[in-house]
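Structure record follows, encoded as structure tokens.
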Number of protein chains: 2
Amino acid sequence: MKPENTDCTERCPVLETVTRWTRRKDARPGEILDAALDLFVARGFSATKVEDIARAAGVTAGTIYRYYANKEDILKAVIRESLVPTLQEGEQLIAQFDGSGPELLAFVIRTWWQMHGATKLSGIPKLMIAEASNFPELARFHREEVIARGENLIASAIQFGIDRGEFRPVALDVAVKVVVAPVVMAMVWKNTDICPGLDLDHYLEEVIETLIHGLGARPGDKQNGESEA
Amino acid sequence: MKPENTDCTERCPVLETVTRWTRRKDARPGEILDAALDLFVARGFSATKVEDIARAAGVTAGTIYRYYANKEDILKAVIRESLVPTLQEGEQLIAQFDGSGPELLAFVIRTWWQMHGATKLSGIPKLMIAEASNFPELARFHREEVIARGENLIASAIQFGIDRGEFRPVALDVAVKVVVAPVVMAMVWKNTDICPGLDLDHYLEEVIETLIHGLGARPGDKQNGESEA
DNA sequence: TTAAATTAAATGAACGTTCATTTATTTTAT
DNA sequence: ATAAAATAAATGAACGTTCATTTAATTTAA
């Protein structure tokens, strides 16, 4: 009986030949990023050790430096490969959507939650909030690659509703934050035990309800572009 | 001409005698907490070195351990001494308030912002979001001493509006989060450069407007406690 | 045989905490 | 009052870890 295979690095099927490890140049990066996302989300960027990522990915710390220049580079890659693609997908979904402004806004929030909130990606906002000030280059990357595009997406949905007279003519940059804030907080709460018992789905539906009626056009509203009375 | 007094620790007036330091048993703790809050907020808990706090407070690292058992204890003291008292103050203000439900909600949010958002204390939510999972005891302390009391405060304001028929009968625990989220995010944004150009006061007024109308009672609402039709 | 992939060990800086020692202040005894 | 004695504040160096990154040695695959 063989000893338990506790720290064998191979994951691919190995039949007869007992090799200590196998060369898997193409599979490594993905496995490293998978492990890194899990750990970054659970413990934060600083608190995650490169060696932990390595162990979770079935390699040694040294190996990681063959694929990524440094720890920051790992997180950038995680964002680039797993988060950014979903934004493109989201942009397409919105372009195809057919319905009212309020319906579009609800759709955007629910889709956002399905694609991020309900997945491991929900941990990234907390990560960036926590580490942005200590890793400015990381913050810049995230702002340009993720936030800017995500907010454009929300902005277009709100503008759509304003144009149809269903939302009041709020300042777009501010309104975007009003929509973004409760959703981002939901992701933060999901990845912290700050709010143990909260039913996030219930919360989100209430957010949608509140936003749609809170942003809704009202009798006395002046039209977009009009000057003060 | 004397050499510049670069690292002299004394802050009290010293006339002739050049002393390396003075004993200031009663002044030290406050100065240490002041410095600690600044640094914790700016850099996060983990990233703040005890020696940095010491230097900023005009003492040495060793001195800090005369007053606080460890780094976590410093943060607890900061919260206990600077944040918790403002909650008591807030509770009183609300008890005295005279006005409608929507007016009370707006008052609570503006007061909260004046007392926390506009001060250094605004950095604490970011701090807790960032470190809660790595310092469970700190998280528990914050949840019990700060969050629980703060949410009771919000809850009572919303309940007041529901009782007067001005707000619709939302689930209280969820509604509290709907109110809390955009304010907490404002504090987070204020302490990160995630949203560089945002006008937070404008944002907050829009949040208030949106919440009041979003939570507002509407013709078809069933009364609190009624069963489904 | 060789080059690329991977490991394992080494490096060096950082940091929370401890503690022996120094120094300022307070108390005591005269 | 005063000076010696006692107390307690504060220092600063050192310890013991931890951890990102580097380097050298090994293993694999072609």
Side-chain angles (χ1 to χ4, degrees), chain A residues 6-32 35-36 39-40 43-76 131 134-135 137-138, chain B residues 6-32 35-36 39-40 43-76 131 134-135 137-138:
Chain A
T6 52
D7 62 347
C8 183
T9 66
E10 65 232 274
R11 296 185 165 189
C12 57
V14 173
L15 305 175
E16 310 299 319
T17 51
V18 177
T19 53
R20 291 222 295 148
W21 44 268
T22 44
R23 302 165 96 180
R24 294 166 60 245
K25 178 186 170 67
D26 43 345
R28 292 300 187 215
E31 290 169 2
I32 292 170
L39 290 167
F40 283 153
R43 305 184 196 170
F45 180 72
S46 299
T48 298
K49 307 171 211 168
V50 172
E51 205 193 316
D52 291 341
I53 300 175
R55 186 167 31 240
V59 293
T60 336
T63 299
I64 289 185
Y65 286 87
R66 178 140 245 91
Y67 297 98
Y68 303 101
N70 50 46
K71 211 168 96 165
E72 265 188 75
D73 201 40
I74 303 175
L75 180 49
K76 278 189 181 179
E131 316 279 3
N134 295 318
F135 301 89
E137 160 57 15
L138 223 43
Chain B
T6 54
D7 63 345
C8 184
T9 65
E10 66 232 277
R11 297 185 165 187
C12 57
V14 173
L15 304 175
E16 311 299 317
T17 49
V18 177
T19 53
R20 286 220 291 150
W21 44 266
T22 43
R23 292 169 66 159
R24 294 166 60 245
K25 179 185 170 67
D26 43 345
R28 292 298 188 216
E31 289 169 2
I32 291 170
L39 289 168
F40 284 154
R43 304 183 194 171
F45 180 72
S46 300
T48 299
K49 307 172 213 169
V50 173
E51 205 194 316
D52 292 340
I53 300 175
R55 186 167 31 240
V59 293
T60 346
T63 300
I64 289 186
Y65 287 86
R66 221 156 245 309
Y67 297 98
Y68 303 100
N70 50 46
K71 212 168 93 166
E72 266 187 73
D73 201 41
I74 302 175
L75 180 49
K76 278 189 180 178
E131 316 278 3
N134 295 318
F135 301 90
E137 160 57 15
L138 223 43

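A, B, ... follow the sequence lines: proteins, then strands. Residue 1 opens every chain.
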[N] [atom2] sits how many Å from [X] [atom1], rounded?
X	N	atom1	atom2	value
B:N134	C:dG16	CG	P	14 Å
B:R43	C:dA14	CZ	C1'	14 Å
B:I32	D:dA9	CD1	C1'	11 Å
A:I64	C:dA8	CD1	C1'	15 Å
B:R24	C:dA24	CZ	C1'	13 Å
A:R28	C:dA4	CZ	C1'	13 Å
A:W21	D:dA25	CH2	C1'	11 Å

With a cut-off of less than 4.0 Å, is there a side-chain N or O of [X] near OP1 or OP2 of [N]?
X	N	value
A:R23	D:dA30	no
A:T63	C:dT7	yes
B:T60	D:dA10	no

Could you measure the distance from the [atom1] atom of [X] to the [atom2] atom of [Y]? Nearest 0.5 Å is fine.
X	Y	atom1	atom2	answer
B:I53	B:F40	CD1	CZ	4.0 Å
A:E131	A:N134	CD	CG	6.5 Å
A:D26	A:R28	CG	CZ	10.0 Å
A:R55	A:L39	CZ	CG	9.5 Å

Ignoring hydrogens and angles, answer whether the base of C:dA5 and the side-chain atoms of A:R66 contain a donor-acceptor pair closer than 3.5 Å.
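Result: no qualifying N/O pair found.
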Would you call A:D73 and A:K76 a salt bridge, using N to O less than 4.0 angstrom?
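Looking at A:K76 together with A:D73, the answer is no, because their closest N to O distance does not fall below 4.0 Å.
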If you restrict it to nitrogen or oxygen atoms, what contacts under 3.5 Å exist between nucleotides 17-21 of chain D and the protein, and what is each distance?
residue	atom	partner	partner atom	Å
D:dC19	OP2	A:K49	NZ	2.6
D:dA20	OP1	A:T48	O	3.1
D:dA20	OP1	A:K71	NZ	3.1
D:dA20	OP2	A:V50	N	2.8
D:dT21	OP2	A:Y65	OH	2.6
D:dT21	OP2	A:K71	N	3.2
D:dT21	O5'	A:Y65	OH	3.4

Reckon B:Y67 touches a base, only the sugar-phosphate, or nothing at all at heavy-atom distances under 4.0 Å?
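Since only primed, P, OP1 and OP2 atoms lie under 4.0 Å of B:Y67, the category is sugar-phosphate.
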When the ring planes of A:F135 and A:F45 are compared, do they come out parallel, tilted or perpendicular, using 30° and 60° as the limits?
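It falls in the perpendicular class, over 60°.
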Nearest atoms (heavy-atom pairs only) where A:T48 meets A:G44:
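Of all heavy-atom pairs spanning A:T48 and A:G44, the closest is OG1-O, 2.6 Å.
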